[in-house]
Every structure is written in C-alpha cells, then in structure tokens.
Amino acid sequence: MYENTYPNKRFKHTVEFLKRYIDTSESILDLGVDNPLSKILKDNGYSVENTSGIDLDIDTSEIEHSQAQVITAFEIFEHLLSPFTVLKSIKANKLVASIPLRLWFSSAYRSKTDMRDRHFHEFEDWQFDWLLEKAGWKIIASEKWTNPTKKIGLRPLLRQFTNRYYIVYAERISNF
C-alpha cells in the first residue's frame, strides 16, 4: 500500500494525538491488518493487536470478542459500507479514529486493482461527528491537519491550506 509514498506526517500527527489521550498501559485493538503504523505504535510502547483482515461490514466478531481497552481505527471507516454497525459493536469505552476528509476539489478515492482499497464514504467532519454521536460516542478531543504535496498545480496548491485529515478521541456514553 505504501510502495511510492509513506505518510510520515499523518503517522507523526496520529502518534502524537494518541499519546495525549491513551496511556501505554492500555491495550489496543487496531481495526485493520497489521501495518506500518501498528509497528510505530508498538515501537512507542503500546500493546497493539490488529484485526485479521476479515470484512468488518459482514463480520464484527473480532471486535465484539476483544478485551482491548481502546479501539483505534485509522483510515478505516471511509472504506466501510456500514461504519455505524462497527461502531456499535465496540465493547471498549475508548476510541481513537481518523478519517481523510472529503475534498471538494477531488473525487472519491478508488483503487482500480484492489476492491478493498476504495472509499465508500467521503466524510466531512460534522458527518463523522454525527455518526459517532448516533453510535453512542462522545467526542472528547479532535484535530485536523493538511497534507501538502510537492507537486505543481491547482490541487497541490489547495492541499497547502485545506484540511485533509481528521482525528478524534471519543468515549462511550451509551450502549443501546
């Protein structure tokens, strides 16, 4: 997935945000397969287990049976048809999740070679906030940041000042 680019800035922001709200003594279930960010979190002292790669739209059993104190979901919910179902299945009381924000000047991301590497949702921050609220979560903290590129053109110029990523720390308020 990171053959040509490695998201250093996104990973750095993500780890810094996580460190502010989650202690290294708390166990984490990271939604998604083992990945470079999981390794970075482990290198920073976190105990991280990943889901196995099952289709979370169809099977949430790994989430439901997890004893982890914290769930992390970095760049996952935009790929799901029903992120509400996944959010409702979480038993942990803490969630740290990030999404790429919808960019009005760019169409939704779609890999032509990998069916699972497509965005079904292109969230605006308020939409993601509403989804979390409806699923029984209260946002305690959030942050946005840009993702400039070194390319030339209108889109790269717009990426200099348009927020691209949104991360939240939320706590469970209800389990309907």
Side-chain angles (χ1 to χ4, degrees), residues 1-101 108-111 113-123 128 131-132 135-137 139-145 147 164-172 175:
M1 179 173 183
Y2 300 113
E3 300 83 21
N4 299 319
T5 59
Y6 192 78
N8 289 314
K9 182 178 180 182
R10 178 167 58 94
F11 286 179
K12 181 177 183 259
H13 275 280
T14 300
V15 172
E16 288 172 357
F17 187 87
L18 191 73
K19 283 181 176 181
R20 278 180 281 198
Y21 302 101
I22 305 302
D23 192 86
T24 56
S25 66
E26 297 176 279
S27 58
I28 295 174
L29 174 65
D30 184 38
L31 304 186
V33 297
D34 194 37
N35 59 75
L37 182 54
S38 302
K39 182 181 180 332
I40 292 170
L41 294 177
K42 290 173 187 174
D43 290 346
N44 277 270
Y46 288 99
S47 172
V48 180
E49 178 186 344
N50 288 82
T51 53
S52 67
I54 60 172
D55 187 337
L56 296 174
D57 276 317
I58 297 169
D59 184 356
T60 58
S61 62
E62 290 180 18
I63 300 168
E64 293 167 12
H65 296 115
S66 174
Q67 298 299 311
Q69 297 161 297
V70 180
I71 300 295
T72 57
F74 303 120
E75 321 304 307
I76 294 296
F77 290 124
E78 67 275 9
H79 298 276
L80 299 175
L81 298 178
S82 183
F84 181 81
T85 304
V86 171
L87 287 163
K88 293 296 293 171
S89 71
I90 295 171
K91 304 296 184 241
N93 289 320
K94 295 180 179 182
L95 170 71
V96 179
S98 63
I99 55 165
L101 291 168
Y109 174 73
R110 179 178 71 159
S111 168
T113 58
D114 184 352
M115 291 289 291
R116 297 182 79 172
D117 189 20
R118 296 178 175 180
H119 291 184
F120 186 78
H121 299 279
E122 291 283 316
F123 292 103
F128 193 59
L131 172 65
L132 291 169
W137 295 92
I139 296 172
I140 307 300
S142 65
E143 195 173 289
K144 297 177 198 173
W145 65 89
N147 189 41
R164 178 63 176 136
Y165 294 102
Y166 182 53
I167 192 167
V168 300
Y169 165 59
E171 294 180 355
R172 167 79 59 203
N175 234 346

Go through the steps for T72 and V48 under the test side-chain contact (heavy atoms from CB on, under 4.5 Å), then give the verdict. CA-CA 9 Å; T72 57; V48 180; 5.6 Å; no
What distance separates L132 CG from S142 OG, expressed to the nearest 0.5 Å? 10.5 Å
Using 4.0 Å as the upper bound for N to carboxylate O, is an ion pair formed by E16 and K12? yes
Plane angle bin for F77 and F128 - parallel if under 30°, tilted between 30 and 60°, otherwise perpendicular: tilted
Can you name the nearest heavy-atom pair linking I90 to W137, along with the distance? CG2-CZ2, 3.7 Å
So, does Y21 use its side chain to make a donor-acceptor pair with the main chain of I140 at under 3.5 Å? no
Expected output: side-chain N93 to main-chain E171 donor-acceptor under 3.5 Å: no
At what distance, to the nearest 0.5 angstrom, does CD1 of I167 lie from NE2 of H13? 10.0 Å
Is D30 salt-bridged to K42, cutoff N-O under 4.0 Å? no
S52 and E62 side chains, donor-acceptor separation under 3.5 Å: yes
Contact summary for Q67 and S27, nearest pair of heavy atoms: O-OG, 4.1 Å
If every non-hydrogen atom of T60 is compared with every non-hydrogen atom of L56, which pair is closest and at what distance? CG2-O, 3.4 Å
Closest heavy-atom contact between Y165 and R10? CE2-CD, 3.4 Å
Can you measure from OG1 (T85) to CD1 (I58) and round to the nearest 0.5 angstrom? 11.5 Å
Between A92 and V70, the two heavy atoms sitting closest are CB-N, 4.0 Å
Beyond-backbone contact of V86 with I76, side-chain heavy atoms, under 4.5 angstrom: no
Taking atom OG1 of T14 and atom NZ of K19, what is their separation to the nearest 0.5 Å? 12.0 Å
If you measure from OG on S89 to NE2 on H65, what distance do you get to the nearest 0.5 Å? 10.5 Å
Identify the heavy atoms of L37 and V15 that sit nearest to each other, and give their distance. CD1-CG2, 4.1 Å
Given the rule in the side-chain contact (heavy atoms from CB on, under 4.5 Å) test, do I71 and L31 qualify, once you have shown the distances and angles that lead to the verdict? CA-CA 7 Å; I71 300 295; L31 304 186; 3.8 Å; yes
Residue set satisfying side-chain contact (heavy atoms from CB on, under 4.5 Å) with D57, at least two apart, ordered chain then number -> D55, L80, L81, S82
Do R20 and E143 pass the side-chain contact (heavy atoms from CB on, under 4.5 Å) test, and can you show the C-alpha distance, the side-chain angles, and the key distance before you say yes or no? CA-CA 12 Å; R20 278 180 281 198; E143 195 173 289; 3.0 Å; yes
Just verifying a value: how many Å separate K94 NZ and Y169 OH, rounded to the nearest 0.5 Å? 4.0 Å
Can you find a heavy atom in the side chain of S66 that is under 4.5 Å from one in the side chain of K91? no
Hey, are the side chains of N35 and F74 touching, using non-hydrogen atoms and a 4.5 Å cut-off? no
Does the pair S38 and L41 meet the rule for a side-chain contact (heavy atoms from CB on, under 4.5 Å), with working shown? CA-CA 5 Å; S38 302; L41 294 177; 5.7 Å; no
